[in-house]
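What follows is a single structure, written as structure tokens, with notes after it.
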There are 2 protein chains.
Amino acid sequence: MKEGASAPSFFVRIMIEFTAMLTSKEFTRAFPAFQKIPVPLMQEMLSSSRTQAIPSGARIYAEGDGCTAIAFVLSGEIRVYKVGETGREITLYEIGPGETCILNASCILAHTTYPAHAVAASNVDVLLVPSTVFRRLVTENEVLRDFVFALLSQRLSLVMELVEEVAFGRVDERLMGYLIEKSENNSLDTTHQKIANDLGTSREVVSRLLKDFERKGQVRLSRNSITLLKR
Amino acid sequence: MKEGASAPSFFVRIMIEFTAMLTSKEFTRAFPAFQKIPVPLMQEMLSSSRTQAIPSGARIYAEGDGCTAIAFVLSGEIRVYKVGETGREITLYEIGPGETCILNASCILAHTTYPAHAVAASNVDVLLVPSTVFRRLVTENEVLRDFVFALLSQRLSLVMELVEEVAFGRVDERLMGYLIEKSENNSLDTTHQKIANDLGTSREVVSRLLKDFERKGQVRLSRNSITLLKR
DNA sequence: GTTTGTCTGTGACTTAGTCACAGAGGAAAT
DNA sequence: ATTTCCTCTGTGACTAAGTCACAGACAAAC
């Protein structure tokens, strides 16, 4: 999944490795489209792969890293983001169960390096397929090719939408949309800094806008928590 | 290339259609990687395709359009861009000779609609390959698959870079970089509005920044023309 | 209970974008 | 050649967004 001459970072070192092979049934529960893959190919893929548990916060990729495997997410979320020169961040998209880290596929098939940063947004379980196996399976199997194409296309469209949002969108509208999307039971536990990192803006702007929302009666604020009020 | 229930736009109607079949040699001059494609497949592709000349300024795609063909650019430039609610534009990337309109490939292979706008930035010559033929050739031929994958990956990386530029970059630095990149013999003929459309900013901001550059002795301005001075 | 680090809010500033408007330049019409 | 009209450019006045510095509240760690 990640190669480099440097010693593994602290986070990489604490990854827990499962040695038991994932069953076809367990895998296709998260990836239903793979039911169409011939059993011998599925068996080969699973027997040459390994599962990995990644704790929340663990850095998975840095920009410029090479790829030796592609990760299929079984559970949890991986956040893919860019970092600017001033240290500000913006989330490009998140990878959930049933998706792959499609930039892995780009790296493997187009022989490039990882063009963003990736971090575990929660505890994550992945199936790691070695790049040589993956490359050959993509060549041989149309279902897998279609899956990868579809995900790459979807990501391209999504990132193009993000360009439009960032270039033309008002931050207050993006923020409200974010709160609505990310909340569960009209509430979310997060920090202003994390919201700013997702939206690609500055922490002070998020604090100011949230304060405005509170004054307007749209939200209730407390430390590490935001509650959406009925409107 | 473009389908829709509405009558063809003015620009589409004036497209000139070439009926002579493109030779393999002519095609591989623009697309060298295709020399590896077996001759029967190349012949089939060329015999079922047609070339098209598109005049500068012609609208090629609007967001939401379906695709019936994929365009391979033989000469000229196609500009792919997004438009915000307020009418402002931002160029995502440009497609030159030796490239395809890769969003066509996304549409064809992943059964989606065109996720941006495309316009001829100059007089353009394209080879139009019908989507059914393209889909089958991608399935059968690894060279074509690799080509499409590589271009899709490249575009994804490029658009992710653009997110970073737009989110974190200073407009004056992006503008100077743009002028340097787009000028020939330290000069470019364009308008402030066109620059603003490429960079996703407003015309007044470009005018103000160019005036600042002029005051600093970095450029010389005249109507429809900007000259870079030595620094 | 105290200390320290994280989180939040705000002031003062600059940069970027909007809206309105005016003037210059040049293409088109006469 | 002159006039008209359209495009292009520049600027003022405003708001929104981002930066930098700083202070205070909260809560985790000791």
Side-chain angles (χ1 to χ4, degrees), chain A residues 56-57 82-91 162-179 187-216 218-227, chain B residues 56-57 82-91 162-179 187-216 218-227:
Chain A
S56 180
K82 278 281 200 182
V83 183
E85 289 183 2
T86 59
R88 256 170 60 203
E89 303 180 6
I90 186 166
T91 296
L162 182 60
V163 169
E164 183 181 341
E165 273 188 42
V166 170
F168 309 135
R170 288 172 52 97
V171 179
D172 58 349
E173 292 176 4
R174 291 177 61 219
L175 174 58
M176 183 52 75
Y178 177 93
L179 297 179
S187 169
L188 61 159
D189 296 331
T190 185
T191 66
H192 297 191
Q193 183 62 61
K194 279 179 180 171
I195 297 175
N197 288 349
D198 272 343
L199 295 178
T201 185
S202 67
R203 196 269 310 160
E204 293 87 342
V205 169
V206 172
S207 297
R208 283 186 233 272
L209 290 172
L210 284 174
K211 213 63 179 172
D212 285 348
F213 292 167
E214 189 179 47
R215 288 200 188 93
K216 291 170 182 169
Q218 291 170 316
V219 300
R220 180 168 56 244
L221 302 177
S222 56
R223 186 185 172 99
N224 290 105
S225 175
I226 300 162
T227 303
Chain B
S56 180
K82 278 281 201 183
V83 182
E85 287 181 4
T86 59
R88 256 172 59 203
E89 302 180 8
I90 185 165
T91 296
L162 182 59
V163 170
E164 184 182 340
E165 273 188 43
V166 169
F168 308 136
R170 289 173 52 95
V171 178
D172 58 350
E173 291 176 5
R174 289 178 62 218
L175 173 58
M176 182 52 76
Y178 176 94
L179 297 179
S187 169
L188 61 161
D189 295 332
T190 185
T191 66
H192 298 190
Q193 184 61 61
K194 279 178 180 170
I195 296 175
N197 288 350
D198 272 343
L199 296 178
T201 185
S202 69
R203 196 269 311 162
E204 293 87 341
V205 169
V206 172
S207 294
R208 284 186 232 270
L209 291 173
L210 284 175
K211 213 59 179 175
D212 286 348
F213 291 167
E214 189 180 48
R215 289 200 188 91
K216 290 170 183 167
Q218 291 170 317
V219 299
R220 180 168 55 245
L221 303 175
S222 56
R223 185 185 172 98
N224 291 107
S225 175
I226 301 162
T227 303

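Worth saying up front: this structure is predicted, and the values here are computed from it rather than measured. The sequence lines fix the lettering, A, B, ..., with proteins before strands; numbering per chain opens at 1.
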Item to check | Whichever of B:D172 and A:R208 has its nearest DNA chain C nucleotide further upstream toward 5' | outcome: A:R208
Item to check | Partner set under salt bridge (Lys or Arg N to Asp or Glu O under 4.0 Å) for A:R88, not counting sequence neighbours | outcome: none
Checklist entry - Mind checking what makes salt bridge (Lys or Arg N to Asp or Glu O under 4.0 Å) contact with B:K82, not counting sequence neighbours? => result A:E161, A:E164, B:E63
Rounded to whole angstrom units, what separation is found between the [atom1] atom of [X] and the [atom2] atom of [N]?
X: B:D212; N: C:dT15; atom1: CG; atom2: P; result: 9 Å
X: B:Q193; N: C:dT18; atom1: CD; atom2: C1'; result: 13 Å
X: B:R215; N: D:dT9; atom1: CZ; atom2: P; result: 16 Å
X: B:L199; N: C:dG17; atom1: CG; atom2: C1'; result: 14 Å
X: B:L209; N: D:dT11; atom1: CG; atom2: P; result: 12 Å
X: A:I195; N: C:dT6; atom1: CD1; atom2: C1'; result: 15 Å
X: A:R174; N: D:dA16; atom1: CZ; atom2: C1'; result: 14 Å
X: A:E214; N: C:dT10; atom1: CD; atom2: P; result: 9 Å

Item to check | N or O in side chain of B:H192 less than 4.0 angstrom from D:dC8 OP1/OP2 | outcome: no
Next on the checklist: Less than 4.0 angstrom between a side-chain N/O of A:T201 and OP1 or OP2 of D:dA17, yes or no?
Outcome noted: no
Checklist outcome for this item: Taken in chain and number order and not counting sequence neighbours, the residues that satisfy side-chain contact (heavy atoms from CB on, under 4.5 Å) with B:V205 are B:V171, B:T201, B:S202, B:L209
Item to check | Residues which pass side-chain contact (heavy atoms from CB on, under 4.5 Å) with B:Q193, listed by chain and number, not counting sequence neighbours | outcome: B:T191, B:A196, B:N197, B:R203
Item to check | A:I226/A:F213 under side chain to side chain contact (heavy atoms under 4.5 Å, CB included): CA gap, chis, key distance, verdict | outcome: CA-CA 11 Å; A:I226 300 162; A:F213 292 167; over 6 Å; no
Checklist outcome for this item: Quick tally for nucleotides 22-30 of chain D: nucleotides whose base has a protein heavy atom under 4.0 Å get B, sugar-phosphate-only ones S, the rest -, giving ---BBS---
Checklist entry - In terms of side-chain heavy atoms of A:K211, which of C:dT10, D:dG10, D:dT19 is nearest? => result C:dT10
Checklist entry - For the side chain of A:T86, counting heavy atoms from C-beta on, which of D:dT9, D:dT19, C:dG17 is nearest? => result D:dT19
Checklist entry - Under the side chain to side chain contact (heavy atoms under 4.5 Å, CB included) criterion, do B:I90 and A:F168 qualify, and how do the steps go? => result CA-CA 9 Å; B:I90 185 165; A:F168 309 135; 3.7 Å; yes
Next on the checklist: I'd like to check B:D189 versus B:N224 (side-chain heavy atoms, cut-off strictly below 4.5 Å). Are they in contact?
Outcome noted: no
Using a heavy-atom cut-off of 4.0 Å across all strands, would you classify [X] as base, sugar-phosphate, or nothing?
X: B:V171; result: sugar-phosphate
X: B:L210; result: nothing
X: A:S202; result: base

Checklist entry - When rounded to the nearest 0.5 angstrom, what is the spacing between CZ in A:R170 and CD in B:E85? => result 11.5 Å
Checklist entry - Shortest non-hydrogen contact from A:S187 to A:T227? => result OG-OG1, 4.1 Å
Checklist outcome for this item: Between its two end axes (five pairs each) the helix from C:dG1-D:dC30 to C:dT30-D:dA1 turns, nearest 10 degrees, through 30°
Item to check | Expected output: side-chain A:R174 to main-chain A:G169 donor-acceptor under 3.5 Å | outcome: no
